[in-house]
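Here is the structure we will look at.
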Amino acid sequence: MNAPRVLLYDTILRDGSQMEGIAFSLEDKLAIAHRLDEIGVHYIEGGFPGSNEKDRLFFQEIKRAPLKQAKVVAFGGTRRAGLQVQDDPNIQAIADAGTAVVTLVGKASRYQVRVALETSGEENLAMIADSVAHFKALGREVGFDAEHFFDGFRGDPDYALQTLRTAARAGADTLILCDTNGGALTPDLVRAIEAAKQAVPQAQLGIHVHDDAGLAVANSLAAVSAGVEQVQGCFNGYGERCGNANLATILATLQLKMGIPVVGDAQLARLTELSRYIAELANLPLDPQAPYVGVSAFAHKAGYHVAAVVKDEDTYQHAKPAAVGNDRRVLVSELSGQRNISYKLQERGLDLPLTAEETRALLDRVKQMESRGYQYEGAEASFELLAHRARPNYTAPFELEDFLIVERRRHTADLTDREAGSGAAENGGRNEMLAEAMAKVGVAGQLFQTAAEGNGPVNALDRAVRKGLREAYPALDRMHLLDYKVRILDAAAGTEAKVRVLIESTDGEHIWNTVGSSTDVIEASWLALADAFEYFLLKQEEWG
């Protein structure tokens with residue numbers, strides 16, 4: 001028996017962009033469309049050309065760099081109540097977009113017709129019929145988005161099904177059943193789909209669900225099992241309120257779990273890359289726990305999990321990470337076992353011949369440090385340094401013997417205009433904070449005493465230590481900080497709270513993360529910064 005056909009329809013450029021915090025540029029939308037096309041998505045909804053200039057321009061620009069296989073879709077509503085279809089400006093805007101496929105949204109709930117549209121059920125049916133027939137006469141492929149179908153079916157099943165029959169008679173190619181409010185439970189959704197199949201037995205059905213009850217992916221997959229042929233959603237689950245069904249999760253599950261070959265294996269192997277690319281353009285962090293594509297999707301922390309996974313990865317993994325372009329990761333923490341340590345060292349390419357006793361000691365050290373507020377999951381450079389320090393012949397490249405930081409607040413009246421600079425503007429032209437650090441740094445038996453100013457205590461200490469190390473390690477000039485995060489670990493302790501500092505550093509080619517923890521934010525910052533320096537110097541021979 002052949003597997004059922006399932007077509008993927010992505011609406012991230014329209015429905016997904018309605019998510020709070022997302023504002024795709026025209027260039028972003030074009031780039032995402034081409035990447036969705038490359039991975040094998042069948043339909044890409046470009047936007048609502050009647051709603052804004054950016055969407056109108058998208059449909060113009062996509063014609064100049066056409067997609068290879070995906071169909072571009074223009075989205076819009078049925079004609080307005082009381083208007084002739086040819087007189088409706090939104091209908092005309094959809095037509096002017098020039099796409100071979102259009103999706104028209106119309107109400108499938110009598111309640112929504114009465115309250116939202118403020119018209120009659122009969123007029124709504126006429127709006128659906130006129131709009132679908134208009135675009136069929138223009139030679140377009142038409143999808144009818146039956147908005148609020150499942151809520152409408154629960155309230156008045158006869159009317160909800162009548163909207164589907166009306167669209168089908170007018171020539172709609174696909175009838176998309178929408179859980180617009182995202183609250184349908186799976187058994188109710190399946191019953192409504194079965195009723196739709198009986199009402200319009202020859203029609204191709206689609207599914208469009210939101211995640212307000214956390215069921216969007218499950219409901220989409222249940223719909224496929226019930227015979228739906230088109231699945232709508234958004235990569236990364238973006239969308240209004242709680243989001244749309246996550247098309248990345250659906251794609252992988254259809255192919256790997258349900259045996260439905262939607263895209264090629266090589267395309268599926270780019271799934272993680274695409275999800276992270278879209279997240280980058282959206283300027284949103286990708287959920288680390290996102291199924292299949294999240295950085296933690298195949299991460300193992302518990303010692304007994306790791307001990308099993310290194311023997312056979314199927315013991316604690318439901319799928320092969322490589323199939324979706326992801327990687328297995330082993331984490332080192334207070335929950336780790338010795339196998340975590342050995343695997344992590346191997347994963348990071350460290351050829352450190354630790355004995356069983358040294359490995360045990362390193363594991364104990366990790367647990368001890370985590371009890372003090374350290375965390376090595378996001379600071380693997382600091383973990384690597386712990387491993388090196390466990391070797392009896394390891395010598396640190398420098399030692400911070402002592403430091404003193406002084407902060408003062410100066411009135412801008414005491415400064416020249418050039419000295420005051422932006423600080424005067426930021427402080428209302430009154431005061432400026434200034435930090436000065438004095439440091440004693442030991443390198444190979446020599447002691448360097450330096451001082452430097454900075455725009456804060458950490459910046460001043462960073463500059464002062466660099467001064468002391470520059471003669472011995474001039475390569476440090478290539479290194480700079482990318483990110484600096486402070487987390488309060490025990491907020492109830494107030495100003496006595498312990499803090500954790502995470503620092504991300506780069507030399508322009510490599511990126512590494514380090515951690516420090518203390519009840520003193522300056523000391524925590526220095527510990528993370530010292531690890532960043534030491535790791536860079538340790539890697540110089542390898543990196544060149």
Side-chain angles (χ1 to χ4, degrees), residues 4-15 36 40-48 67 69-78 91 94-95 97 99-108 125 127-150 152-153 160-180 189-190 192-210 219-234 244-245 247 250-251 254 260 262:
R5 180 184 70 155
V6 175
L7 302 172
L8 302 178
Y9 182 118
D10 190 279
T11 179
I12 192 171
L13 303 182
R14 196 270 308 173
D15 216 351
L36 291 171
V41 172
H42 305 94
Y43 293 89
I44 300 171
E45 193 173 84
F48 192 165
L67 305 181
Q69 60 85 34
K71 296 179 180 180
V72 178
V73 184
F75 176 90
T78 57
I91 293 289
I94 299 168
T99 58
V101 186
V102 300
T103 292
L104 300 172
V105 59
K107 301 295 186 184
L125 295 176
M127 291 156 60
I128 294 169
D130 293 347
S131 304
V132 171
H134 176 76
F135 282 101
K136 290 306 296 181
L138 295 176
R140 310 293 174 87
E141 179 182 337
V142 178
F144 171 63
D145 244 4
E147 191 180 30
H148 297 286
F149 173 76
F150 295 100
F153 183 84
L161 296 173
Q162 195 173 358
T163 64
L164 300 183
R165 294 190 189 97
T166 299
R169 283 195 297 267
D173 299 276
T174 307
L175 306 176
I176 302 106
L177 312 179
C178 301
D179 183 21
T180 309
L189 178 133
V190 171
I193 292 172
E194 291 171 347
K197 288 172 64 178
Q198 293 178 3
V200 281
Q202 304 304 316
Q204 174 176 279
L205 298 181
I207 187 72
H208 178 116
V209 297
H210 285 254
N219 281 349
S220 298
L221 297 173
V224 171
S225 296
V228 164
E229 297 176 81
Q230 182 194 97
V231 180
Q232 296 194 359
C234 298
N244 288 54
L247 206 61
I250 291 169
L251 167 55
L254 287 174
I260 300 174
V262 185

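What's counted below: heavy atoms across the whole structure, side chains too, no hydrogens, waters or symmetry copies.
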May I ask you to decide if Gly143's main-chain N or O and Thr174's side chain share a donor-acceptor pair within less than 3.5 Å?
no

To the nearest 0.5 angstrom, please state how far the CG atom of Leu36 sits from the CG atom of Leu67.
9.0 Å

Which pair of non-hydrogen atoms, one from Val142 and one from Lys136, has the smallest distance, and what is that distance?
CG2-CD, 3.6 Å

If I compare all heavy atoms of Thr103 with all of Val73, which pair ends up nearest, and what's the gap?
OG1-CG1, 3.4 Å

Closest non-hydrogen atom pair, Ala95 against Leu138:
CB-CD1, 4.2 Å

Expected output: side-chain Arg140 to main-chain Thr99 donor-acceptor under 3.5 Å:
yes

Separation between CD of Glu194 and CG of Leu189, rounded to the nearest 0.5 Å
10.0 Å

Roughly how far apart are Gln204 CD and Leu7 CG, rounded to 0.5 Å?
5.5 Å

On a heavy-atom basis, which atom in Phe144 and which in Thr163 lie closest, and how many Å separate them?
CE2-O, 4.0 Å

Taking side chain to side chain donor-acceptor pair (under 3.5 Å) as the definition, give me every residue that meets it alongside Gln162, ordered by chain and number, with sequence neighbours left out.
none

Give the minimum heavy-atom separation between Ala245 and Ile250, together with the two atoms involved.
CB-CD1, 3.7 Å

Correct closest heavy-atom pair for Ala74 and Ile94 would be CB-CG2, 4.1 Å

Could you state the interatomic distance from CD1 (Ile176) to CD (Gln232), rounded to the nearest 0.5 Å?
5.0 Å

To the nearest 0.5 Å, tell me how far Ile207 CD1 sits from Tyr9 OH.
14.0 Å

Are the side chains of Thr11 and Phe75 in contact, using a 4.5 Å heavy-atom criterion?
no

Distance-only, no hydrogens or angles: does the His148 side chain make a donor-acceptor pair with backbone N or O of Ala108 under 3.5 Å?
no

With heavy-atom distances below 4.5 Å as the criterion, would you say the side chains of Phe135 and Val101 are in contact?
no

For the atom pair CD (Glu45) and NE2 (His208), what is the distance rounded to the nearest 0.5 Å?
8.0 Å

Please check: side-chain N/O of Gln230 versus main-chain N/O of Leu175, any donor-acceptor pairing under 3.5 Å?
no

Those residues that, when tested against Ala100, pass side chain to side chain contact (heavy atoms under 4.5 Å, CB included) (two or more places apart):
none

Side chains of His42 and Val262 in contact at under 4.5 Å (non-hydrogen atoms)
yes

Residue set satisfying side chain to side chain donor-acceptor pair (under 3.5 Å) with Glu147, at least two apart, ordered chain then number -> Lys107

